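Here the structure is a predicted model, which means the values were calculated and not measured.
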Amino acid sequence: MAVARDLLGRVLVSDAGGERVAGRIVEVEAYRSSGDPASHAFRGRTPRNAVMFGPPGHAYVYFTYGMHHCVNLVCEPEGRAAAVLIRALEPLEGLDALRRRRSRDDMRSLLRGPGCVAQGLALSREHDGADLARGPLRVLPGGGRRRGERVRRGPRIGIRHGLEWAWRFWFADDEYVSGPRRSSQAERAGRVPR
DNA sequence: GTATCGATTAGC
DNA sequence: CTAATCGATACA
C-alpha cells in the first residue's frame, strides 16, 4: 500500500524493444499478499503468478484477455505475494517509439491504461521476473509529487471482488490517468464491473 | 475433457 | 455498448 503510493511520481524507464522509453507514474493499484480476492495470488502460487511470490524489486508481467499484457512491480519479501499494477504513465522520453508501438499520436493515448503501458514500454511475458536493478525496466531514484499535486485514492478498476478497498492511487486531475480522475466520489459513481 | 471468465482495449 | 482472443480456472 505504502509502496504503491510512493511509486506515484517516480520515473519508469524501459529499454525493452531496443529503444528507450520513459514515463512518470501517475496511477497505480495495490494487490495485497493475503486476503485480497482480486489478486492473482489469492488462490496460491501458479506458474503464471510465481514471480509475485518471489523477492521484491522484480517485474510481474501477465497476459490477459487473450491480447494484453500488464506490468506490476513486486514489492514484498519472498513468500508474500504483493504487487503494484502500473496503470498509467505520463510520457517523458521516447515519444517516437511510443507513437509507433501504440499506433497513436495523441500524448494522452500513449501510456494511459495498464495494457497501453505494457505495449508502450514493449514489455511482455518474457520480461516476467525481470530484475529492476539489472534488467531493461528500471525505476529512477527521486521523483515524487510536484508542487500542489494531490494524491487521490479509490476502488480498483476492472475487478469483481475487493471493491470495498480503496487501493487505486492517482494524481488528482492528471490528464494521463485512465478512468475517473477527479475524485474518489466520481470514482464510486462511475462504472461498476458487471 | 468442456465451459467460463478475466487486474483490457478500441471502435461503433 | 460489444468484439476480440486465449490462458487460467472451474467443474463434470
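Between A:Leu110 atom CG and B:dA10 atom P there is a gap of 11 Å when expressed in whole angstrom units. When rounded to the nearest whole Å, the span between CD1 of A:Ile159 and P of B:dT8 equals 9 Å. Between the CD atom of A:Glu27 and the P atom of B:dT8 there is a distance of 10 Å, given to the nearest Å. Regarding A:Tyr60, its OH atom lies at a distance of 9 Å from the P atom of B:dA7, rounded to whole Å. Taking atom CG of A:Leu111 as the reference point, atom P of B:dT9 lies 11 Å away to the nearest angstrom. Put simply, CZ on A:Arg108 is 17 Å from C1' on B:dT9, counting in whole angstrom units. As a whole-Å value, the separation of A:Asp105 CG from B:dA10 P is 14 Å. One atom, CD1 of A:Ile157, and another, C1' of B:dT9, lie 13 Å apart when rounded to the nearest Å.
Side-chain proximity of A:Arg102 to B:dA7, B:dT9, B:dA10: nearest is B:dA10. The side chain of A:Arg104 sits closest to B:dA10 out of C:dA10, B:dA7, B:dA10.
Around CZ of A:Arg108, the count of heavy atoms belonging to other residues, nucleotides or ligands within 6.0 Å does not exceed 12. The environment of CZ in A:Arg32 is sparse: at most 12 heavy-atom neighbours from other residues, nucleotides or ligands sit within 6.0 Å.
Residue-to-nucleotide proximity on DNA chain C shows that, of A:Met67 and A:Arg125, the 5′-proximal contact is made by A:Met67.
A 3.5 Å limit on both hydrogen-bonding distances identifies B:dG6 as the Watson-Crick or G-U partner of C:dC6.
Taking the side chain as every heavy atom from C-beta outward, A:Val26 and A:Leu89 never approach each other to under 4.5 Å.
An aromatic stacking contact between A:Phe63 and the base of C:dG7 is absent, as defined here by ring centres under 5.5 Å apart and ring planes under 30° from parallel.
Clustering ILVMFWY residues whenever any of their side-chain heavy atoms sit less than 4.5 angstrom apart, transitively, puts A:Leu8 in the very cluster that holds A:Val139.
Contact annotation: A:Arg43 reaches the phosphate of C:dA10 (side-chain N/O to OP1 or OP2, under 4.0 Å). At the phosphate of B:dT9, neither OP1 nor OP2 sits under 4.0 Å from any side-chain N or O atom of A:His68. Side-chain nitrogen and oxygen atoms of A:Arg87 include at least one within less than 4.0 Å of the OP1 or OP2 phosphate oxygen of B:dT8. Between A:Thr46 and C:dT9 there is a side-chain polar atom (N or O) within less than 4.0 angstrom of OP1 or OP2.
Between the side chain of A:Glu29 and the main chain of A:Arg87, no donor-acceptor pair closer than 3.5 Å is present.
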